[in-house]
Number of protein chains: 2
Amino acid sequence: MFSPQHAFLEYLSKNNMAATEQRRVVLEVFLGTDGHHSCEELYMQVCKQDPTISPATVYRTVKLLAESGIAESLDFGDGVTRFECRYNKQHHDHLVCVRCNMKIEVVEERIEDLQESLAQKHGFTLNRHKMILYGICARCRDA
Amino acid sequence: MFSPQHAFLEYLSKNNMAATEQRRVVLEVFLGTDGHHSCEELYMQVCKQDPTISPATVYRTVKLLAESGIAESLDFGDGVTRFECRYNKQHHDHLVCVRCNMKIEVVEERIEDLQESLAQKHGFTLNRHKMILYGICARCRDA
DNA sequence: ATAAATGCAAACGCTTTGCGGGAAT
DNA sequence: ATTCCCGCAAAGCGTTTGCATTTAT
């Protein structure tokens with residue numbers, strides 16, 4: 001009832017979709033790799049578990065994970081869509097090191113509040129936002 | 001001395017690049033269309049002025065505009081890179097209506113400050129950031 | 001039995017690139 | 001004269017899709 005696995009099964013049955021072995025494997029791999037991963041990266045992991053699963057199935061399944069709210073898609077601007085787990089996780093933004101690509105998840109309530117009032121000031125009902133901070137991390141600067 | 005045209009010529013000569021008619025036309029079109037435009041959109045405008053100019057040249061020239069600091073590339077997440085004029089314009093972020101695609105340029109100094117201190121708190125030297133707020137504009141909500 | 005999901009390979013949309021002829025320096 | 005640039009067409013990239021077959025319901 002409170003696991004992402006269960007949530008996914010519920011989403012599938014609610015939409016008359018089949019609970020296939022491939023979908024189970026993709027979800028398992030997705031949950032097992034924390035961080036922010038592309039479909040290609042996930043596919044490589046999936047292959048280790050079952051080499052007969054195709055890239056197309058990974059793309060298709062990850063899209064379902066996003067639609068069901070278990071995954072969230074991220075665009076760091078390098079042409080690749082990445083995904084992170086959103087299940088039972090609070091919203092956060094990202095701090096990205098432009099040198100080593102390290103990514104830190106950050107939250108700043110005051111920014112969120114200001115975004116909301118900024119949107120309101122312009123008559124907008126805010127749905128969501130994307131905020132990515134690019135810089136150089138401490139380790140790279142000292143290196 | 002203070003026009004984008006001059007700045008571009010200077011950038012070109014500094015890098016041993018030729019001041020061609022095509023580059024002049026692309027710059028002129030870019031400066032003449034305010035807002036946020038894709039290379040394809042710019043190409044269509046360019047064609048009206050000179051139908052012999054190729055898409056490839058538009059892509060190549062716009063890239064030069066970005067490298068020279070006259071243009072800035074924007075990624076609103078729909079798979080198309082757009083460009084806006086950066087010459088003598090202050091930094092700003094964007095508010096995007098997810099329904100009609102209207103885009104408003106916004107600035108909130110307090111957010112900028114909080115971003116800076118948030119980065120510092122994590123040991124980052126901040127280079128730049130991307131912030132896009134997605135929502136529904138007043139007109140679309142009332143419609 | 002029906003409807004849906006899979007693997008495969010081809011197609012997609014945006015963008016970049018190799019090439020030979022042509023233009024700027 | 002040399003270097004750089006252009007237009008063209010082809011390739012590149014991550015991702016999506018049509019199709020015939022296999023699988024879940």
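The figures that follow rest on heavy atoms only: side chains count, while hydrogens, waters and symmetry mates do not. Convention: sequence-line order gives letters A, B, ...; per-chain numbering from 1.
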Problem - Options D:dC5, C:dC8, D:dA9, nucleotide nearest the side-chain atoms of B:Met17 - result: D:dC5
Handout entry: Spacing between B:Leu12 atom CG and D:dT3 atom P, to the nearest angstrom
Key = 19 Å
Exercise for the section: Specify the residue among A:Glu21 and A:Cys39 whose closest nucleotide of DNA chain D lies further upstream toward the 5′ end. Expected result: A:Cys39
Fill in the blank from the handout: Testing D:dC6, C:dA9, C:dT16 for proximity to the side chain of B:Thr20, the answer is D:dC6
Practice task
Using whole Å, report how far OH of B:Tyr43 lies from C1' of D:dC8.
Solution key: 11 Å
Handout entry: Atom pair distance, as rounded to whole Å: CZ in A:Arg82 and P in D:dG14
Key = 10 Å
Handout entry: Selected nucleotide, minimal atom distance to B:Ala56 side chain, candidates D:dC8, C:dG7, C:dA24
Key = D:dC8
Practice task
Select base, sugar-phosphate, or nothing to describe what A:Arg23 touches, counting heavy atoms under 4.0 Å on all strands.
Solution key: sugar-phosphate
Handout entry: Flag for A:Glu108-B:Gln115: side-chain donor and acceptor within less than 3.5 Å
Key = no
Completion exercise
Rounded to whole Å, the CG-P distance (A:Leu65 to C:dA5) equals 14 Å
Practice task
Can you tell me the distance, in whole Å, between the CG atom of B:Leu64 and the P atom of C:dT17?
Solution key: 13 Å
Practice task
May I ask you to decide if the ring planes of B:Phe8 and B:Tyr11 are parallel, tilted or perpendicular, using 30° and 60° as cut-offs?
Solution key: parallel
Handout entry: From C:dT15, D:dT15, D:dT17, nucleotide with atom closest to B:Val80 side chain
Key = C:dT15
Practice task
Check the side chains of A:Glu41 and A:Gln45 for a donor-acceptor pair under 3.5 angstrom, ignoring hydrogens and angles.
Solution key: no
Problem - Rounded distance in Å - CD1 (A:Ile53) to P (C:dA5) - result: 15 Å
Handout entry: C:dT6 OP1/OP2 closer than 4.0 Å to side-chain N/O of A:Ser54
Key = no
Practice task
Ignoring backbone atoms, test whether A:Tyr59 places a side-chain nitrogen or oxygen under 4.0 Å from the OP1 or OP2 oxygen of D:dT16.
Solution key: no
Completion exercise
So CG of B:Leu114 and CD1 of A:Ile111: to nearest 0.5 Å the spacing works out to 5.0 Å
Practice task
Could you state the atom-to-atom distance from CZ of B:Phe76 to C1' of C:dC14 in whole Å?
Solution key: 17 Å
Exercise for the section: Please tell me which of the listed nucleotides, C:dA5, C:dC14, D:dG7, lies nearest to the side chain of B:Glu40? Expected result: C:dC14
Handout entry: Verdict with supporting geometry, A:Arg128 and A:Glu72, side chain to side chain contact (heavy atoms under 4.5 Å, CB included)
Key = CA-CA 12 Å; A:Arg128 62 195 162 88; A:Glu72 178 169 11; over 6 Å; no
Handout entry: Between C:dT6 (C1') and A:Arg60 (CZ): distance, integer Å
Key = 6 Å
Fill in the blank from the handout: Taking for B:Gln22 and for A:Thr52 the nucleotide of DNA chain C with the nearest heavy atom, the one nearer the 5' end belongs to A:Thr52
Practice task
For A:Ser38, report the nucleic acid contact type (base, sugar-phosphate, nothing); a contact means any heavy atom under 4.0 Å.
Solution key: nothing
